[in-house]
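Below is the structure I would like to discuss, written out as structure tokens.
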Amino acid sequence: MSVDQATVRRIAHLARIAVEDQEVERLGAELNAILDFVAELSSVDVAGVEPLTSVLPMQMKKRQDVVTDGGFADAILANAPEKDDHYFVVPKVVE
Amino acid sequence: MTAAVSPNPAKLIKGATGDWEVVVGMEIHAQVTSKAKLFSGASAEYGGEPNDHVSLVDAAMPGMLPVINEECVKQAIRTGLGLQAQINLRSVFDRKNYFYPDLPQGYQISQYKHPIVGEGEVIVDVTPTERITVGIERLHLEQDAGKSIHDLSATESHVDLNRSGVALMEIVSKPDIRSAEEARAYVSKLRTILRYIGSCDGNMEQGSLRADVNVSVRKPGAPFGTRCEIKNVNSIRFIGQAVEVEARRQIGILEDGGVIAQETRLFDPGKGETRSMRSKEEAHDYRYFPDPDLLPLEFDQAYVDALKVELPELPDEKRARFVADYGLPPYDAGVLVAERASADFFEEAAKGRDAKLVANWVINELFGRLNKEGLDITRSPVSAQAIGAIVDLISTSVISGKIGKDLFEIVWQEGGDPREIVETRGLKQVTDTGAIEKAIDEIIAANPDKVAQAKAKPTMLGWFVGQVMKATGGKANPQAVNDLLKSRLGV
């Protein structure tokens, strides 16, 4: 498996990471190195093997339907770069 | 599976090049009725001060882990049972990755390959004589996103995460719908089922129920055409309009030799058109993968069976019972069961009475009046007991049907016991022939010319009936008046 330059640009765009043109080649090489490293896993035959979701056989924990959280908008917004009247404020996202 | 049924000609849309069939499938997002959110303990209540119903999980702070709310799981199972659907004892939560400011996690926790509910069906009464079955493809649980507000500032958007993480059920239909009317009827029926079960309040104004409508057109018998998805339509009326205008738009393009581009569109009710929503520079790639923070959702059949036992009587069962036990026409029964509160009201009023007569009064007089005033049945000024009493007064001939309507109006305006009102205001029907005869004699004596006319032309009788009713303040028994007049005038 090999990552070409178009794929690097596409992945960067999907992750909303700005990538300069001169970085594309280097990033492609790095991604290929990672993929080569994990490619060894492909040699294992997993036909008929269920994906492992937990190392211990256990049931997912569930919560009761009770309100136990929230009510601290100040804390939620504490690290917001910009806020207004307890709203997060971001650059306009519609035309 | 192929659609073996040939299309109903009445549903086809006429185009310049012949008939077209519209094909509709729907994804309904129904907000789960619960106190807390799907994976956090913050309140799921609508509204609230901005970012007040938000936990650190909902705000996607680093290190926070989701823990599922069991009630939301139960609501999804109940709904699946109400849709006659396959309940999957094992389902899996996946991450659906995309970026938007009101999605702080950068992904929505949803179910992709293994939803909690599989195939089912909904029986839909489209008209008094037409019933269709719409297949359900699946129902899965997922998180709602936050809310972006774009009109508080010219250059910025404001984000409120109160809705972020609230549980939604996405209910996906098969493409079994063939007209705007069917689309409306399907959503109404689904809403009724959800409200009976109590798994969603169905409030479309507050966005508790939103529809994504997939529309394509084809020549009858041809394979499915390319579809467009109309996002977030938020009223049943608009769903019908959106199907209508989108089908017209696609037919126009195809008949001009064009091709339909598969895309997401928005319905603008003001302009009565759909328009492309995003300049899709690139197809979405959600890169679904199982959420490593959550184990598979598993329960046993006994868990499902216990929920099934607790389900209330559902609309289709109730409708069948109303037809069988009360002898109501199926469509009338359908109207009464559309809301659980209406059905309860009817049953209360019909207790020990002529159920058909009660149904007519509830549907025609009461529902008509409630609609006109924009009132809910639970806020009806006329109680079930009062409707029952009015029906009793009519069926025992104490008052005429016409006075019954006046009486209904009085009870609507002023309240009170209908029996007492009839007594104190002298609304009783005059069945005493002596009093009616007296009125007839006076009218005959005063109008010799009309009497002569009536003898020559029996249709003149109506004029006399009118005069007698007027003279008795509308309280004379119409049948008695007719009979007496005929014998007096010899017609």
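Chain letters run A, B, ... following the sequence lines, proteins first and then strands; every chain starts at 1.
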Pick one of side chain, backbone, both or neither for B:P101, based on which atoms fall under 4.5 Å of a heavy atom in chain A.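 Looking at B:P101, just its side chain touches chain A.
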Counting only heavy atoms closer than 4.5 Å, note whether B:L38 contacts chain A via side chain, backbone, both or neither. backbone
Interatomic distance, CG@A:L14 vs OH@B:Y98, rounded to 0.5 Å, equals 14.0 Å
Output every pair passing side-chain hydrogen bond (donor to acceptor under 3.5 Å, both in side chains) with a member in residues 30-39 of chain B, not counting sequence neighbours, ordered by first then second residue. B:K37-B:D58
With a 4.5 Å cut-off on heavy-atom pairs, point out which of B:I149, B:L161, B:V67, B:N162 contacts chain A the most.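 Maximum pair count with chain A is reached by B:V67.
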CD/B:E45: more than 12 non-hydrogen atoms of other groups inside 6.0 Å: no
Would you say the side-chain atoms of B:S157 pair up with the backbone N or O of A:V90, donor to acceptor, closer than 3.5 Å? no
Could I get the full list of side-chain contact (heavy atoms from CB on, under 4.5 Å) partners for B:D305, not counting sequence neighbours? B:Q301
Any side-chain heavy-atom pair from A:K92 and B:T155 closer than 4.5 angstrom?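 Heavy-atom side-chain distance check fails, nothing below 4.5 Å.
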Does A:E25 have more than 12 heavy atoms from other residues, nucleotides or ligands lying within 6.0 Å of its CD? no
Pairs involving residues 57-67 of chain A, ordered by first then second residue, that meet side-chain hydrogen bond (donor to acceptor under 3.5 Å, both in side chains) (sequence neighbours left out): A:D65-B:N69
Distance, nearest 0.5 Å, that separates CZ of B:F93 from CE of A:M60: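 Going from CZ on B:F93 over to CE on A:M60, the span is 5.5 Å.
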Is the number of heavy atoms from other residues, nucleotides or ligands within 6.0 Å of CD (A:E30) greater than 12?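 Correct, the count exceeds 12.
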Anything in residues 74-87 of chain A with a heavy-atom distance to chain B below 4.5 Å? Please list those residues in order. A:I76, A:L77, A:E82, A:D84, A:D85, A:H86, A:Y87
Distance, nearest 0.5 Å, that separates CZ of A:F88 from CG of B:D102: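 Going from CZ on A:F88 over to CG on B:D102, the span is 11.5 Å.
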Taking all non-hydrogen atoms of both residues, which atom of B:A36 and which atom of A:V66 are closest, and how far apart? CB-O, 3.6 Å
